[in-house]
Amino acid sequence: MSTTIKIDPDRTVGHIHPHVFGGFAEHLGRCIYGGIYEPGSPLADSDGIRTDVLEALKRLKMPIMRYPGGNFVSGYRWRDGVGPKEERQTRMELAWHDLEPNTFGTNEFIDFCRKLGTEPYFAVNAGDGDMREARDWLEYCNGTEDTSLVRLRKSHGYDAPHNIKYWGIGNEVDGPWQIGFKTAEEYARTYLEYAKVMKWTDPSIKLVASAVSLWESNWVERAQLLLEQAPDHIDYMALHWYVGNSGDERGFADNDFAAYMGMSERFEERLSAYEGLIHALRLDNAIKKDIPMTIDEWNVWYRVFDEGKLEEIYNLEDALVVAMHFNAFFRHAKTVKMANIAQIVNVIAPIFTSPEGMVLQTTFYPFELYAQHAGDTALDVHWDGDTFDSGPNGTLRTLDVSATLNTSTNQLAVFVINRSEHEAVEGNLRLTDAAVKGDGRQYVVNGPNVKAENTFDTPHQVGTTEFNISASGSTISASFEPHSVNALVFDLA
Ligand code: AHR
């Protein structure tokens with residue numbers, strides 16, 4: 001099996017915004033409590049933050065972190081989570097049917113973000129909350145005038161404003177499962193009114209509209225109403241999706257490896273359709289500014305739904321699908337300016353904890369690979385070679401490829417996923433008007449078979465290996481193992 005990959009570093013797709021490596025932490029199951037926050041644990045620092053989790057997250061270089069939900073935010077009262085801990089309110093939590101102790105809230109999350117080196121991105125309650133509560137939260141966080149809310153923040157020990165730049169208005173408002181579900185008309189009106197008071201409170205913020213999560217519903221109409229009614233107040237349109245390898249209504253493949261590997265077509269289809277939709281609506285409504293997309297919840301999620309914990313154990317095929325997302329985001333780098341994997345710890349997450357330790361799930365490794373090696377510019381790759389029958393998505397190329405250039409260091413990274421379950425693929429990489437400067441490195445994420453999992457008993461089934469790859473000139477040969485994710489990294493002359 002062989003494939004030719006052609007790359008011309010002058011043929012660019014667009015700037016890769018670092019925010020595509022974003023994360024998402026929700027008050028759900030053991031994401032916050034027992035995940036990032038476990039006061040009293042020997043693994044936690046004096047603020048209760050799990051240092052092992054923090055160090056693992058640093059490897060993923062997440063530059064932005066969405067919080068506090070998710071469905072949770074549609075019933076959240078931010079005031080419950082600030083101030084002296086002994087006065088914090090425990091509430092019934094209706095999104096996930098749990099009790100919320102509120103011992104972790106706004107300021108604990110900001111402290112966590114500062115330790116991690118990530119930028120907070122808050123979602124406000126547009127479910128059972130109102131716009132006064134939303135703008136009060138913004139003023140509490142970002143205010144600089146001598147107001148009672150700013151004094152309140154200062155009394156909680158935070159003199160300097162948090163300067164939270166990114167704010168989402170609501171979460172998955174198109175879903176009937178949401179507290180305070182909204183029709184297309186209701187949300188467009190709600191969005192505009194929230195946005196007005198929020199931007200009047202702090203004009204420097206960027207606002208995110210909850211555009212689509214239920215792809216079988218009226219997502220075109222929702223986009224249309226939002227962009228007709230609130231174009232000046234929308235900085236991002238947020239898309240959500242989850243994929244899987246089960247036959248249920250949220251999965252697209254039915255325990256079928258080839259069909260699951262064909263899922264890439266679903267992401268491409270959605271990204272292409274939605275970027276075309278925004279483009280058309282901008283033209284139609286004479287909207288001059290760009291309105292990028294954020295995929296601010298995405299991941300593999302299909303095994304656990306109702307336990308209120310969502311503790312997926314991922315395998316190698318899931319890791320390949322996570323990698324395919326990054327290839328798709330790079331191919332749409334012009335319009336995808338943020339993406340947040342849902343979520344970061346325990347809840348459908350790359351990191352899984354117990355009170356005694358932690359395991360890095362299979363999906364951790366492709367995320368790390370892309371975050372560590374991607375450059376700032378996506379390249380327009382052409383590749384041609386072996387194909388496979390993916391079933392529902394037809395005949396597809398066995399390799400899924402993207403490439404990036406680091407324009408400061410002139411380093412090329414080629415990301416190659418071999419979607420064959422049993423066959424290696426030989427790759428012939430040809431550069432146009434460019435040549436490598438010496439040998440490169442090949443990084444490979446792989447494991448013994450596509451069902452391999454990393455668990456506490458077998459923590460290293462799937463991981464990353466690396467080796468030198470000899471190269472000179474403009475033609476490079478590389479071999480891609482079955483069911484592997486690869487990064488080929490070269491300095492260009
Ligand atoms: O990430 C888990 C849940 O998935 C989120 O709370 C919700 O927004 C989505 O349905």
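Residue numbers count from 1 along this sequence. Ligands are counted one by one from 1 in listed order, and the atoms in each one are counted from 1 as well.
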So for Phe305 against ligand 1, with non-hydrogen atoms under 4.0 Å, the contacting part is neither

Is the shortest side-chain heavy-atom distance between Pro161 and Arg153 below 4.5 Å? yes

- Under the 6.0 Å and 45° cation-pi test, does Arg30 pair with Phe352? yes

* Quick one: are the ring centres of Phe326 and Phe367 less than 6.0 Å apart? -> yes

- Query: For Glu26, is at least one N or O under 3.5 Å away from an N or O on ligand 1?
  - Reply: yes

Logged contact type for Asn299 with ligand 1, heavy-atom cut-off 4.0 Å, is neither

In ligand 1, the atoms that come under 4.0 Å of a heavy atom of Glu172 are 7 (C), 8 (O), 9 (C), 10 (O)

When you measure from the heavy atoms of Phe72 to every atom of ligand 1, does any distance fall below 4.0 Å?
no

Under 4.0 Å from one or more heavy atoms of Phe24, ligand 1 contributes atoms 1 (O)

Note: ligand 1 atoms sitting under 4.0 Å from heavy atoms of Ile348 are 1 (O)

Honestly, for Val347 the part within reach of ligand 1 (heavy atoms, under 4.0 Å) is neither

| request: Report yes if the distance between the aromatic ring centroids of His325 and Trp298 is under 6.0 Å, otherwise no. | output: yes

Ring-face cation of Arg66 near Phe24 (centre distance under 6.0 Å, axis angle within 45°): yes

Can you see whether Ser74 engages Gln178 through a side-chain donor-acceptor pair at a distance of less than 3.5 angstrom?
yes

If we number the atoms of ligand 1 from 1 as shown, the ones under 4.0 Å from a heavy atom of Asn71 are 5 (C), 6 (O), 7 (C), 8 (O), 10 (O)

- Query: Does an N or O from Tyr242, backbone or side chain, lie closer than 3.5 Å to an N or O of ligand 1?
  - Reply: yes

Sorted by chain and residue number, the ring pair (Phe, Tyr, Trp, His ring centres under 6.0 Å) partners of Tyr365 (sequence neighbours excluded) come out as none

